[in-house]
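Working notes, structure below.
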Amino acid sequence: MPEVVNGGAAGAAGASGAGASGASSDVNNNASSEQLGALSYVFLNSKGGMDGVDMQSVQQVVAAMSAGSRHEANERRKATEHAERTRQLLQRKSTWERDKVAVAKSRREVDAAVTRLEEQRRLSSVFCHVDQDQYYAACEEQERPELSGKAFAVGGIGMISTANYVARKYGVRSAMPGFIALKLCPHLIFVRPDFSKYTAKAQEVRGVLRTFDANLQVRGLDEASLDVTAYVKGRRDRDVLEAVAEKIRHDVAAATGGLTCSVGIAPTRELAKIASDRNKPNGQCIVEDFTREAVLSFIRPLETRKITGIGKVTDASLKALGITTVEDLYNARYLLHGILTPTASSFLLRTSLGIGAEDVSADRGGAEDDQQEHNRKSCSVERTFEPIGDRHTLSRKLIDIAFTLSRHLHDLGLRGHQLTLKIKLSNFEIRSRQVTLPHATDSSDDLIPAALKLLKAELPLSARLLGLKVSQWENENDTQVASRDILARFLQKGDEEDEEGGLRKVEEIVPSTTPTPAAAVAAKMAPPTTVRSEPWACIACTLENEASAKRCEACGALKGSSLPPTSTLALEKKRRAPTLLDGFASRLKKRSG
DNA sequence: TACATACAC
DNA sequence: CATGGTGTATGTA
């Protein structure tokens, strides 16, 4: 999905002069517009389904619970940025409108594009979207019938994954923090998520769905998109399609002991998904006719937020341009072409015509499931915790994450060239820092020092989340730089190589114990045999330890070792030369290239 | 390549 | 007591 409007939140301009004014005590008054500015924006984060809910009062509870929090402050900060970008967007609009040449050009190009797209339009396929109802909650209720009829949510006090329909009546929703949900619904019951349960059930569902389309595309645990053209043998009569939808729902329920799903059928995957939402729960919707006119009358009145790929930010930007519905989107096509990137405007044009994305069927082929790992591009692990400023504690967290990530990579049989560190500061600001490693790896032996180095460069800070991601998989065709060669060349060059400037700067702030390349090699090749009676710094996690300590107090690594001893260490296979050649290897590369 | 943002689920 | 984790795509520099 393109980033449609390059930011921008029209309705979220309340951040400017708001401050922490205390208008919230008066129960009879709505929250001030300032208050709602940033917060209503948070709340629009749902695609709908709040039918019988008193949004106003829900919103007030959310506002009250959030007031003064760091999270809210961050939301306000983001809202300010959105407002600025919206301003720029409107500026571009007025510039474009006054440029008659540009307008004429836009007309020509868009008209041509529409003609081309209409030629591409295919109405002969039958797509079916299957969406499990309140999926996690439904799985739990199945095992705990006593939950039936009660308001409950899968998740915890921190975050709710799924609220059942009873809880939703109180305004409780997924992605809502549990403590706010509890305020909305004091008798709310929390159920701990059990993903293995949901995964197992999802497999059963997919087993059923494969009988309708062996090449189904899965989207998460609770959704799938099917091409049922072959199954219906090309027939598109209303009654045939209704019957197929019913059979799918029936078969899924039968195979899962009663889990319900909602089904949509349409000439494109995108429309089928939207249709599946229409008669939720346990319902179905067929976009009748499979004609261009029927498609258009189905989508025209839709609010733009219903479109997959248009989220709350984009939606707000579109609103700023006066665009609320898909019909508006079509009417604004020249403008959008004129002021947006080609990717974005073409996505919106296709959408407004009800023409799906080109089907890249070959891409993920028939086996998205765990059996045959599809073409994933990255693998990551991240953890949230109470804000931490202590660098040793942070290092330990990061090391844990690296081990977990290493294990995942190993299980997947993947090794990557790129390591990305993600940090969420205690004020919710997010940073990412990445390095390209000299060779693809899945080993914590490689990941840990590189990750610690990235972290160290950011200190001091206080974080509430750390994460690591590995990407850029090794390519069989790549000429693999033999690590032995790197090592040999490194040893030849010897000590003339120095630390990089950036690293040195950091060292002034935080005394680093990250092994230099030379130190790492030395550690591997000739572990120190003499025990010096001085305090020492752990190579693995940077903690300074007592002279008498044999192992690091923080991470347990042996003195002189960059490898913290963890049970998971047994999983690690050493297959390469020491990793800390990173900076060195890249410098070698630069020199030769 | 590096980083930030938006989005889906 | 107090706002998630995994993965993808896009834009910009």
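Chain letters run A, B, ... following the sequence lines, proteins first and then strands; every chain starts at 1.
- Note on R219(A): every side-chain N or O is 4.0 Å or more away from OP1 and OP2 of dG7(C).
- With hydrogens and angles left out, the side chain of S378(A) and the base of dT8(C) share no donor-acceptor pair within 3.5 Å.
- The side chain of K273(A) places an N or O atom within less than 4.0 Å of a non-bridging phosphate oxygen (OP1 or OP2) of dC9(B).
- Residue R464(A) places none of its side-chain N or O atoms closer than 4.0 Å to OP1 or OP2 of dA2(C).
- Phosphate contact (OP1/OP2 of dG5(C), side-chain N/O of S380(A), threshold under 4.0 Å): absent.
- At the phosphate of dA4(B), OP1 or OP2 sits under 4.0 Å from a side-chain N or O atom of S432(A).
- Salt bridge absent: R464(A) and E386(A) never bring a charged side-chain N and a carboxylate O closer than 4.0 Å.
- Separating the OG atom in S443(A) from the NE2 atom in H410(A) is a distance of 10.0 Å, to the nearest 0.5 Å.
- Checking side-chain atoms of R92(A) against main-chain N and O of I339(A) turns up a donor-acceptor pair under 3.5 Å.
- Residue L348(A) contributes atom CG, which lies 14 Å from atom C1' of dA6(B) at whole-angstrom precision.
- Using a 4.0 Å cut-off, some side-chain N or O of Q472(A) falls inside it from OP1 or OP2 of dT1(B).
- The shortest distance between the side-chain N/O atoms of T436(A) and the OP1/OP2 oxygens of dA2(B) is below 4.0 Å.
- The distance from atom CD of Q434(A) to atom P of dT5(B) is 15 Å, rounded to the nearest whole Å.
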